[in-house]
Amino acid sequence: MKNIDRREFVKASLLTAAGATLSINKVLATPSAFQFSQIKLPYDYAALEPNIDATTMDIHYNKHHAAYVKNVNDAIATENIAYATEIEFFSNASKISMKARNNSGGVWNHNFFWQVMKPGVSNLSGKINDAISGTFGSTEKFKEEFTKAAMGRFGSGWAWLISDNGKLKIGSTPNQDNPLMDISELKGTPLLALDVWEHAYYLKYQNKRADYVANWWNVVNWDEVNVRLANAR
Ligand code: MN3
């Protein structure tokens, strides 16, 4: 092979290899890539009144939450993110863009938040009641500590009750981070969460986050928290 031919041959092979790699990635990424979706709200917008007002629920679900879904799936497509499950996705949160991290957390956290609330009376009972008493001393002590986490989160974020290898812990995360993310200081299986972004309460409570937190206890879905505990790692 003459030099010039050889150069052309190598160039052509590299181009073919690059092309093949690209199309393989495309084929692999497209069908297996995990996409985030928004759950159907399990109750009407007005169902949590007077603790959470209907207008806030409507805007929170249809504008804020829906936007996170659109934005994370845009990021998955444009950045070619190919994780297969949400757990794998969050385990690699340190490796994805801020857009993907913030919006994936935004989707997951709200899907979770809607489910750990419900209208009507839900009693703190069963295994979660035993675990809370065992860990924090009493329901009151637990609520005090959780409220402290919710009030102490400066700016936007979330307060959490998690199971860390079977041990209950309370903490908070900034922005839309969550305890499933590898970058989170608080790590474990979420059992209960409270959104303390101003968009979650400002229309009804304005600057009074403490009143929002106090009234939110009235709509906690303890049955769901028990289910999460039963399935926690
Ligand atoms: Mn929110």
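Values below: every heavy atom of this structure, side chains too, minus hydrogens, waters and symmetry copies. Read the numbers this way: they start at 1 and go in the same order the structure lists the ligands and their atoms.
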In a table with atom names and distances, give each donor-acceptor pair under 3.5 Å that connects a side chain of residues 163-170 to protein atoms at least two apart or in another chain.
residue, atom, partner, partner atom, Å
Ser163, OG, Gly166, N, 3.2
Asp164, OD2, Lys169, NZ, 2.4

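- Cluster partners of Ile59, using a side-chain heavy-atom cutoff of under 4.5 Å among ILVMFWY residues and allowing indirect links, are Leu203.
- With salt bridges taken as basic N to acidic carboxylate O contacts below 4.0 Å, none links Asp182 and Lys187.
- The backbone N or O of Tyr68 lies less than 3.5 Å from no partner atom in the side chain of Asn71, so there is not a single donor-acceptor pair.
- Pairs passing the salt bridge (charged side-chain N to carboxylate O under 4.0 Å, His left out) check and including a residue from residues 84-101, sequence neighbours excluded, read Arg101-Asp177.
- Protein N/O/S atoms closer than 2.8 Å to the Mn ion (ligand 1): His60 NE2, His110 NE2, Asp195 OD2, His199 NE2.
- Considering NE2 of His64 and OG1 of Thr56, their distance stands at 9.0 Å, rounded to 0.5 Å.
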